[in-house]
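Scroll down for the structure; my scribbles are underneath it.
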Amino acid sequence: MPELTPAQWSGRDDGPELEHRRWHHVINASMSPPGGAARRTDRQGGLAVIGFQSDEGVRRNKGRPGAADAPAAIRAALASLSAPDQLTACDLGDVSVAQGTLEAGQERLGHVVAAAIQAGHLPIVFGGGHETAFGSYLGLVGSGAVDGKRLGIINLDAHFDLRADPIPSSGTPFRQIAELEMAAGRDFTYRVLGISEANNTLELFRTASSLGVEHMLDEDCGSAALPTVMAFVDRFLEIVDTVYLTIDLDVLPAHVAPGVSAPASLGVPLEVILAICRQLARSPKLAHVDIVELNPRFDIDGRTPRAAARLVHTIATEHSALMWDVPTRPSTSPQPGIESL
């Protein structure tokens, strides 16, 4: 496993009492949930934060560079958020990618992810462009998490990222994964929520169809359609054994996430994305998460890292409750409004 330097977290401090805990207090601290009522399950361990400082995939895909600065921005936005009572988390540091060395960086990321999974953690990678996904996949395979199991990848994204370009980039990771999964004799189970019909060519839709990729368009993922979206996710969870959740922040509306490589003209409401994350994090099948394409250079008023931090916080809250076997919030009602999310 590569030697990484864990990041130093800091933030607001209202006192030493447990009720004042924030993320920066919890990271790399050995803590048990307060109250003594919860019991640890054997299903999963704590969270492991990993940064992937990479612009190379976006550069190759002719996008706007700046995603290499994302891990620090997400950490800063997350640091002062209130920590769930049950949260245990560590920061393993950053994998950095110099120009022209993407493949080597993805391999290094894979080693870190694999070690985290083998140690019983749920890794959450802060990318980087969506080239992060191929490194995440290498880690899942290297960890043994997919041995004899059906891997399911669910991508919250405006794009399929199934390009067949000969040079890997932020637009190719799931095509690369499909080829390796099929070469290994495994099913390629890939679902995408939030696809922009205007920003994916007919060839990409044909490729998705030929690979058996199911998707929902952004215009079909509005708040009123949340029951349909959650049913889509439930069907996915039923047929897979190991889940990899990858979140491209360009799935969100541009006013919520302006600081991305390719801002959305429509996007999926944040409350819907939060509900999907909550639903997946409640499943013991969830093995890995990454959140990608934040570009702080083009952000406005810290909106995009704050949105990313809120997603991470939601996943962590549900996962921690699962780990410590404590009650979670009630399921979303059939007719949800923002207040119910």
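Keep in mind that what you see is a predicted model, and the values were worked out from it rather than measured.
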Shortest non-hydrogen contact from [X] to [Y]?
{"X": "Ser136", "Y": "Asp290", "value": "OG-OD2, 2.7 Å"}
{"X": "Gly93", "Y": "Asp91", "value": "N-OD1, 2.8 Å"}
{"X": "Asp157", "Y": "Val251", "value": "N-CG2, 3.4 Å"}
{"X": "Thr304", "Y": "Gly259", "value": "OG1-N, 2.8 Å"}
{"X": "Ile177", "Y": "Ala133", "value": "CD1-O, 4.1 Å"}
{"X": "Cys277", "Y": "Leu156", "value": "SG-CD1, 4.2 Å"}

Apply side chain to side chain contact (heavy atoms under 4.5 Å, CB included) to Phe126 and Leu294, showing your working.
CA-CA 9 Å; Phe126 299 165; Leu294 167 62; over 6 Å; no
Working to the nearest 0.5 angstrom, can you tell me the gap between [X] [atom1] and [Y] [atom2]?
{"X": "Leu140", "Y": "Asp147", "atom1": "CG", "atom2": "CG", "result": "11.0 Å"}
{"X": "Thr228", "Y": "Asp220", "atom1": "OG1", "atom2": "CG", "result": "9.0 Å"}
{"X": "His121", "Y": "Ser143", "atom1": "NE2", "atom2": "OG", "result": "13.0 Å"}
{"X": "Leu249", "Y": "Leu311", "atom1": "CG", "atom2": "CG", "result": "6.5 Å"}
{"X": "Asp161", "Y": "Glu293", "atom1": "CG", "atom2": "CD", "result": "7.0 Å"}
{"X": "Ile154", "Y": "Ile276", "atom1": "CD1", "atom2": "CD1", "result": "7.0 Å"}

Evaluation steps, side-chain hydrogen bond (donor to acceptor under 3.5 Å, both in side chains), between Gln279 and Asp234:
CA-CA 8 Å; Gln279 183 180 9; Asp234 277 335; 2.9 Å; yes
Checking the side chain of [X] only, and the main-chain atoms of [Y] only, is there a donor and an acceptor separated by less than 3.5 Å?
{"X": "His313", "Y": "Ser82", "result": "yes"}
{"X": "Asp299", "Y": "Gly302", "result": "yes"}
{"X": "Arg64", "Y": "Val260", "result": "yes"}
{"X": "Thr314", "Y": "Arg310", "result": "yes"}
{"X": "Gln106", "Y": "Glu131", "result": "yes"}
{"X": "Arg60", "Y": "Pro168", "result": "yes"}
{"X": "Asp94", "Y": "Ser96", "result": "no"}
{"X": "Asn295", "Y": "Pro65", "result": "yes"}
{"X": "His111", "Y": "Arg108", "result": "no"}
{"X": "Thr132", "Y": "Gly129", "result": "yes"}

Minimum side-chain heavy-atom gap [X]-[Y] below 4.5 Å:
{"X": "Val125", "Y": "Thr246", "result": "no"}
{"X": "Arg186", "Y": "Val141", "result": "yes"}
{"X": "Thr317", "Y": "Arg278", "result": "no"}

Checking [Y] against [X]: is there a side-chain donor and acceptor pair closer than 3.5 Å?
{"X": "Gln99", "Y": "Asp55", "value": "no"}
{"X": "His130", "Y": "Ser261", "value": "no"}
{"X": "Arg150", "Y": "Thr189", "value": "yes"}
{"X": "Thr172", "Y": "Asp165", "value": "no"}

Hydrophobic cluster membership, with links at side-chain heavy-atom distances under 4.5 Å among I/L/V/M/F/W/Y: are [X] and [Y] in one?
{"X": "Val292", "Y": "Val289", "answer": "no"}
{"X": "Leu138", "Y": "Met182", "answer": "yes"}
{"X": "Val113", "Y": "Ile153", "answer": "yes"}
{"X": "Leu204", "Y": "Leu217", "answer": "yes"}
{"X": "Val229", "Y": "Leu266", "answer": "no"}

Would Glu203 and Arg175 pass as an ion pair if we require N to O under 4.0 Å?
no
Does Glu238 come within less than 4.0 Å of Arg235, counting only side-chain N to carboxylate O?
no
Might you confirm whether atom CD of Glu197 has over 12 heavy atoms from other residues, nucleotides or ligands at distances under 6.0 Å?
no
From CA spacing to verdict: side chain to side chain contact (heavy atoms under 4.5 Å, CB included), Leu193, Val233
CA-CA 9 Å; Leu193 286 157; Val233 176; 3.9 Å; yes
Classify the ring geometry between Trp9 and Trp23 as parallel (under 30°), tilted (30 to 60°) or perpendicular (over 60°).
parallel
Please evaluate residues Leu47 and His319 with respect to the criterion side chain to side chain contact (heavy atoms under 4.5 Å, CB included), reporting the C-alpha separation (whole Å), side-chain torsions for both, the decisive distance (0.1 Å), and the verdict.
CA-CA 9 Å; Leu47 273 63; His319 172 79; 3.2 Å; yes
Tell me, with the steps shown, if His159 and Asn200 meet side chain to side chain contact (heavy atoms under 4.5 Å, CB included).
CA-CA 6 Å; His159 307 92; Asn200 291 268; 4.0 Å; yes
The single option from Phe174, Phe205, Tyr190 passing ring-ring contact (aromatic ring centres under 6.0 Å, His included) against Phe160
Phe205
Considering the options Leu102, Leu180, Leu109, which one meets the side-chain contact (heavy atoms from CB on, under 4.5 Å) requirement together with Phe134?
Leu180
